[in-house]
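Structure first, then comments.
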Amino acid sequence: MGLSINPRKFTGYLIGLVVALSIVEVGLRFIEATPLWRALPVIEPILGQPDYDIGYKFTPGVEGTWVRENRSKIRINSLGLRDFEISQKKPPGVFRVVLTGDSMVEALQVDQNYTFDNIAERKLSQDGLHVEIANLGMSGNGPLRQLVRLENFGYPLEPDLAILYASAGDFLTGELLRDVQNPGYVATSDGNLERGYAFRDRWQIRHADSFLGRSFIALLQHSSVFRMLYLRSRDPWQQVLGLSTAHPSSKMSPDLCWTSMIEPLDKLWNSRTPDVHWQATNRFLDDLADSTSKHKLPVVFLMADIPVPQVSCTAAINMRQRVITKMSKAFESRGLKFVDWNEALLKSGAIRDPADLQGLKGFGSKGSGGHLNYRGHEVFATALSDFIVRYKPMVAPVSDLKQ
Amino acid sequence: MPFNSLAYVILVIFAVVAARYVRGPAWVLIVCSVIFYSVAGMSDLAIFLATVSVNWFIQIGIASPRLRLVIAAVANIGLIILFKYKSLLLNGAPETAGSYVDTALPLGISFYCFQALAYHIDVARGQIQPAKDFKSFFLFKAFFPQLVAGPIVRAHQLLGQVQRLFASPLRRPRLIVIGLGLCALGLLKKVILADSIAPYADMSFTELPTSTLVAWVGAVLFSFQIYFDFSGYSDIAIGSAYLLGIRLPVNFRTPYLSCGPREFWQRWHISLSSWIRDYLYVPLGGSHGNPVRVGLVLLATMSIAGLWHGANFTFIAWGAAWGLYILLGRAFAGSQFTSRWQWLPHMAVVVMLWVLFRSPSLDYAISYWKVMAGVSLNASGGSVTDPSLPRDDLMFGILSLVGIAALFAAHRLEARLEGWKMLMTMRKWNCPITRGLLVGVIVLLVLIPSTYGNPFIYFRF
């Protein structure tokens, strides 16, 4: 018995397959265009595209439905920011803040109206202050990527203040030293660190502007089925086959003093080890200070995720304080304002207990963890608006700030 | 191996093609069945292989039919008790308190042990001829589409078909589109409906609902989640078996269109309810005689049916409550219990009973019922709610009603799909274009990324 292909049958199967693709495409688009997007399957948008200068940037005008953790409608504005439309030229009488950060600031898990920068804007407006906060957040953006984004997208907005939001752990992950996807620091022959652009050799970057590259990106952004197939092709093969089982996360014994998280920070900022990370951190701070001082832009660095130990953990509290003092000194000596963000959240009064910080992340019945939930954005907004109110008089006369 | 995975689709395609083009189609199915089950883990596979072997040796090694039956019952029920109820019996509490699905169980143990027991009873009663050889018995037990979550196929339904596969080539199904159509329908129910409902239903059973309306909506959503999940699974099982030339019995007949408790159980998990009827209810004297005894037998058998689902008092209570409801139905309504106007109150009872099934504990179920009845409300609930969702009860009520009406409409539509007319239409459309279309839809449905990661609920019962 041999396998023989009947051309008529083969053509029939092929037509059927094309019809199936069309039906699923129409179905997915229908779901997205109706209130069914809140529950039924939709394919996440691909919000950006490769970029020769900075590695990756948002594509203006792209919109879609985010589905991980919590569903929300998202849109990239015409300036390439995950924000409402704003004009590039700063309107008169407006105090403009550019806020850079990672996925916490990008906040794809909530609708645009409920991101903490927008809530803070509304709170400040209620106080009679005309402050505009442009959201430059992007997933995976550590300190250096934020600086690059500030240089490319922030400065043209003529901001009065730049706020960078980064996790303290970002200085330890080696992100500053990786240039395969975005600019990163690489060692030169004389031992100094300079920005490297190895990502420019990547196939995606080299072909991004070719006809094929543009067609591919257009297909990704406009066809749900194509996007689904592309996203699936990037998953590990066990996941594509549907064989990976979701194991409940192993429950670690609670470290109420957070020593395991604070210790590495203490090593970096006090003992200056590992040396390579310490060098990169210093290089970044110099870079940030140089770049922003050239534009006469005041900078505030919100250092997030430095855990707050319980009152009984005296040693951990002391270690934390030591870290904060060193961090603050490193920033302030370069003319950069440093803020311990967890402390700022507690001081804002929106939460009372350090343990409540955990409740600001995670959605629904899946428990805490992940990104900021709606309450988290409210609390962040309160702390941010409080900070801006306190900070603004330092950079502009109060009379100028009133509407 | 989950049915809604690309691996399963590839396995079925491989089995269909290989079984057609090799001399021993039954051996292909045996190999595929072992591959299918080995994905669950080697320990699960070892337990399954040991169970099949023990059951085979019981059949060939013990001459006395009565003794054979006793030993088979002890072995199979003992195995279920060992893995499923040990903690409940020893500690008086389920091992996985707080969860209504026991994730530590060997995959499909309740199904294959009940199937083995039914086999021995049927042989002892003389209703079927015992399997001719181990390979036939093995494939009867291991045939992968029905292995882990049923239908609980009886020997008279499957053994003959399996034995034929060892003697003759695979019979080519005349209407391939029926098999493909059932698989596509099952995936649609699972991927599009059940998994989409799941997060909302789960929310209701993680934290007590904040209002009567929310409680009812949550309970109705779970009712549909479990139906679409389990019946979707059964559709895929029947459809893929059909593609392999094997007919499996229907397990669901649109149960939410029933108008009374008896009718419901004639439409819901039919293979389990008929198992309970034939091997427990009737032999214990539930079909005739003293009404008190009949009532007690009914309560006992329904409680056992509940207990079959897992080692939790909520399942026993769920089964017992169903027994009580059936008794009440008999006592007060008699044959009138099937009239159309009784559909709504009957559905309300069904939904309320699902609360018992889904709740992590009896206390939670009672608290949930109180919210449903408007007796108490969870004022502190809804800590992290989506502010973009409608806030006022009227808008929420309208949206919920529309959603629930759509679910019932889908259920009604399903009843039409199962009709004779549909079969005739499928016959007309049994061409390469339709086949290509259905294969395409199946592949795309399994590729839709799961954002919730829900396994089939009945995989772990």
Side-chain angles (χ1 to χ4, degrees), chain A residues 1-3 6 8-21 23-25 27-28 31 35-36 38-44 67-73 110-111 113-114 225 228-229 231-232 235 238-243 245-246 248 359 362-367 373-376, chain B residues 1-10 17 20-23 39-41 103 184 191-193 195-197 199-200 202-207 383-389 399 402-403 406 431-455:
Chain A
M1 280 183 283
L3 284 165
N6 178 335
R8 274 179 68 114
K9 271 190 181 179
F10 183 74
T11 313
Y13 276 106
L14 216 60
I15 293 171
L17 214 60
V18 172
V19 177
L21 285 167
I23 289 174
V24 175
E25 178 73 44
L28 288 170
I31 291 169
L36 292 171
R38 283 195 179 276
L40 297 190
V42 285
I43 311 300
E44 269 176 8
V67 292
R68 271 174 283 168
E69 294 184 58
N70 187 51
R71 294 190 172 215
S72 64
K73 283 284 184 194
V110 296
D111 285 355
N113 260 321
Y114 304 100
V225 170
M228 175 178 86
L229 296 175
L231 289 172
R232 288 304 249 168
D235 287 339
Q238 294 99 326
Q239 213 172 315
V240 176
L241 287 175
L243 296 178
T245 44
F363 292 84
S365 58
K366 291 281 178 186
N373 53 38
Y374 290 101
R375 183 156 175 269
Chain B
M1 185 183 291
F3 277 10
N4 55 336
S5 67
L6 189 60
Y8 183 76
V9 174
I10 293 169
V17 174
R20 192 152 297 153
Y21 292 101
V22 299
R23 279 173 191 272
V39 172
T103 49
V191 177
I192 306 291
L193 297 171
D195 284 356
S196 302
I197 294 169
Y200 296 93
D202 280 359
M203 241 186 278
S204 299
F205 289 91
T206 310
E207 192 176 12
S383 49
V384 183
T385 49
D386 184 346
S388 62
L389 287 172
L399 283 176
V402 170
C431 61
I433 294 180
T434 321
R435 291 177 200 167
L437 165 71
L438 289 170
V439 170
V441 167
I442 287 168
V443 171
L444 290 171
L445 281 175
V446 297
L447 284 175
I448 285 180
S450 162
T451 48
Y452 201 62
N454 258 348

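Residue numbering restarts at 1 for every chain, and letters A, B, ... go by the order of the sequence lines.
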- [ ] Calculate, to the nearest 0.5 Å, the distance between atoms CD and OG belonging to A:Gln238 and B:Ser5 respectively.
- [x] 13.0 Å

- [ ] Supply the atom-to-atom distance B:Leu438 CG to A:Leu17 CG, rounded to the nearest 0.5 angstrom.
- [x] 11.0 Å

Tell me the closest heavy-atom pair linking [X] and [Y], and the distance in Å.
{"X": "A:Arg38", "Y": "B:Tyr200", "result": "O-OH, 2.6 Å"}
{"X": "A:Pro41", "Y": "B:Ser196", "result": "CD-OG, 3.4 Å"}
{"X": "A:Arg232", "Y": "B:Leu447", "result": "NE-O, 2.8 Å"}

Could you tell me which portion of [X] (side chain, backbone, both or neither) has an atom closer than 4.5 angstrom to a non-hydrogen atom of chain B?
{"X": "A:Val110", "value": "neither"}
{"X": "A:Ile43", "value": "side chain"}
{"X": "A:Leu229", "value": "side chain"}
{"X": "A:Val240", "value": "both"}

Task: B:Val9, part contacting chain A, at a heavy-atom distance under 4.5 Å - done: neither

- [ ] Evaluate whether atom NZ of A:Lys9 has more than 12 neighbouring non-hydrogen atoms of other residues, nucleotides or ligands under 6.0 angstrom away.
- [x] no

Open item on the list: Using side-chain heavy atoms (C-beta onward) and a distance below 4.5 Å, is A:Ile23 in contact with B:Leu444?
Closed with: no

TODO: Heavy atoms only, distances under 4.5 angstrom: which of B:Ile448, B:Ile433, B:Ile442 has the most pairs with chain A? Name it, please.
DONE: B:Ile433

Task: Pick from B:Val441, B:Leu445, B:Ile192 with the largest number of heavy-atom pairs that fall under 4.5 Å of chain A - done: B:Ile192

Open item on the list: Given B:Pro449, which partner from the list A:Gln239, A:Arg68, A:Met228 fulfils the side-chain contact (heavy atoms from CB on, under 4.5 Å) test?
Closed with: A:Met228

